[in-house]
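Please read the structure below before turning to the comments.
Each chain gets a letter, A, B and so on, in the order its sequence line appears, and its residues count up from 1.
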Amino acid sequence: MTRKFILASFVGASLMTACASQPDPVEEVVEAPIAAPEPVTQTPPPRVVQDTTPPPVVLPPDPNLPIPGTADDFAYQSGGEPRVFFAYNRYELTNEARDVLRRQANWLQIYSEYTAVIEGHADERGTREYNLALAERRADSVRAFLVSQGVTPNRLRTVSYGKERPIDPRSNEEGWARNRNGFTNLNSSSSS
Amino acid sequence: MKAVIAVLSAVIGWLMLTVSSAQAQIEIDITKGNLDPTPIAVPDFIGTDAQSRQIGRDVAEVIRADLERSGLFKSLDPASFLETQTNIDYEPTFADWRIIRAEALVSGRIVTDSPTRVRVEFRLWDVFAGKQLAGIRFATTPQNWRRSAHKASDAIYKALTGEDGYFDSRIVYIDESGPKTNRKKRLAIMDQDGHSPQYLLAGSDLVLTPRFSPNSQKITYMSYENNRPQVYQLEIETGRRELLGDFPGMTFAPRFSPDGNKLIMSMSRRGNSDLYVMDLRSRSTNRLTTDPAIDVSGSFSPDGRKVVFNSDRGGSPQLYVMNADGTGIKRISFGKGRYNAPVWSPRGDKIAFVKSQGGKFSIGVMNPDGSGERQLTESYMDEGPTWSPNGRVIIFSRSTRGRNAKAEIWSVDLTGQNLRKMPTPGQASDPAWSPILP
């Protein structure tokens, strides 16, 4: 009841101000049903409860994880081995390869004392000289991506091995797929 | 490696060699596949002492094997011979040779002139015409009898086919050992029949794609000696080897020009391989292709005016021919599949290549304008064709499939006939045939 009155007098006030400029009378305005307001609830401040669980124990490093900053760590961060794979006769990086290389690039930026030789490899189903050129393109794709992610270009060089250094001896889809790769060989022969 | 330059002189026209080929009845058409090889009799050469008799047996055996392997001849079994000549200056009893169906007869002897000099003399007879076709004499050291045997085979081949032979020549190749995932590859050389294999380099660096210079004295190849692929040349005589240009990118797929003064190779920059020519005297390089695609495996025509090469500029690897200065590039391969590794024949009339289709690799030939394509072989992996000096035979690498894959060298003639595995001491790949030795 009180709320209706307040509302009615408010409307009346609006009408009066409106009348000054707009002479058209407005007859009824308070017809629409008004939803009942939520009851106001009082939220008490959160209680301070003492945590009775023991604080976390500081564990020694996981002996199964490589020591950060080592070549093993680099391989681990790359997902097992620092190698990305390509489709048959292709040298474009797959999304998966890009993910791996982003992690490699991060790592290389943290551990800036390392250089790397990017080895390009091809499977055995191609002629020797063409495969050297193809594997060189793969190595260059890897290098260019690492550089695009912030690795200084002069820390990376490429070597194509064509089909000369297979890692999988099988002559089947699985073996060929493994052998089409770009391998980030940390620190190897960087002096030459 | 020590020189194998022979003290070898040939006197062609020895005694009364005068029969022109027009009078000969033997005709061997080597442009067709020879399914009916010509029967030829090569008795052991006569000798007058123990050493010359031994050389005589050895020389005849090498000649028989050379001719037989060519696929053009059937070397008759000496056990079937009816006549045993004791003096080759008399006409043979042709009837005795006709009975065993010999069409040609080689009768020869070894004469010891001094402890350091022997003569290898022989006459080639047309058995059915009853005519001498050739009478030839070589002088050499007793140790060098093998080369005189190959020279004799070349002379016989030429007298009977009208074309130069290819037996006195050598093959440079890559000797392979070890498991597939840890392969050792070494530069090696052997006679064209697989005899006298030798390593050419002491080291164990990965070495690939050796090729002869046109004078057979030098080899160009690619090596990882500096931990990256670069092109080298090696003087066979002296063992002196030399890096050909120290470029920032990989250099690979080298081949000499026909005059031996230039080298065509591929060089990659930022991953892109293009063809370059190096002048071997000034060492200046000239870029021939600028396409962003892979351009590789350049090979000069024998007149030095054209280059055939491999490019994937059209989306897949195909063969292209251009002028030697890089202008006028034209695609010549249009069949189904991918084409690689073209090599111009020393005769100029054909280009050999590798074709891959349906998971198989084959050796093929086509005319330099791309017409007349013909497939000669097929396997899991046939690659790296190289021509015999006379352009009639192609040898190539064949790799078998699987974990224990074998690397082998095979030969096939231009018609696709006479497919044979070459004898090599171990596993072998990347053969390159020398010109006829000087």
Next item on the list: Among the options Arg170(A), Glu124(A), Arg128(A), pick out the one with the most heavy-atom pairs lying under 4.5 Å from chain B.
Entry: Arg128(A)
Margin query: Less than 4.0 angstrom from a charged side-chain N to a carboxylate O is my criterion; do Lys406(B) and Glu408(B) meet it?
Written below: no
Next item on the list: Please determine if Asp382(B) and Arg398(B) form a salt bridge, counting it only when a charged side-chain N lies under 4.0 Å from a carboxylate O.
Entry: yes
Checklist line | Top contributor to chain A contacts, counting heavy-atom pairs under 4.5 Å, from Ser356(B), Pro317(B), Gly249(B) | finding: Pro317(B)
Margin query: Report which part of Tyr91(A) has an atom under 4.5 Å of a heavy atom belonging to chain B: side chain, backbone, both, or neither.
Written below: neither
Check: Tyr111(A) vs Trp107(A) aromatic rings, parallel, tilted or perpendicular, using cut-offs 30° and 60°?
Finding: tilted
Notebook entry, point to check: Where on Ser273(B) is there a heavy atom nearer than 4.5 Å to chain A: the side chain, the backbone, both, or neither?
Noted result: side chain
Check: Centroid-to-centroid, Phe256(B) to Phe300(B), below 6.0 Å?
Finding: no
Check: Salt bridge check: are Glu129(A) and Arg211(B) linked by an N-O gap of less than 4.0 Å?
Finding: yes
Item checked: Any side-chain donor near an acceptor of the partner, Glu176(B) and Ser429(B), under 3.5 Å -> yes
Check: Does a donor on one side chain and an acceptor on the other come within less than 3.5 Å for Thr251(B) and Gln230(B)?
Finding: no
Notebook entry, point to check: For the residue pair Phe353(B) and Tyr339(B), does the interplanar ring angle fall in the parallel (under 30°), tilted (30 to 60°) or perpendicular (over 60°) class?
Noted result: tilted
Next item on the list: May I ask you to name which of Gly175(A), Gly162(A), Ala139(A), Pro166(A) has the most heavy-atom pairs under 4.5 Å with chain B?
Entry: Pro166(A)
Next item on the list: Give, as side chain, backbone, both or neither, the part of Ser297(B) having an atom under 4.5 angstrom from any heavy atom of chain A.
Entry: both
Checklist line | Partner chain A: residue of Arg270(B), Arg228(B), Met222(B) with the largest heavy-atom pair count (under 4.5 Å) | finding: Arg270(B)
Notebook entry, point to check: Leu132(A) versus chain B, heavy atoms under 4.5 Å apart: side chain, backbone, both or neither?
Noted result: both
Next item on the list: Count the heavy-atom pairs under 4.5 Å between each of Val354(B), Leu206(B), Asn310(B), Asn182(B) and chain A, then report the option with the highest count.
Entry: Leu206(B)
Note to self: Is Asp168(A) close to chain B through its backbone or its side chain, or both, or neither, when contacts mean heavy atoms under 4.5 Å?
What the structure shows: backbone
Check: Can you say whether Thr127(A) sits under 4.5 Å from chain B via the side chain, the backbone, both, or neither, judging by heavy atoms?
Finding: both
Checklist line | Cation-pi check, Arg180(A) onto Phe86(A) ring (under 6.0 Å, within 45° of axis) | finding: no
Checklist line | Under 4.5 Å from any heavy atom of chain B - which part of Arg137(A) | finding: both
Notebook entry, point to check: Given a strict heavy-atom distance threshold of 4.5 Å, which part of Ser399(B) is in contact with chain A: side chain, backbone, both, or neither?
Noted result: neither
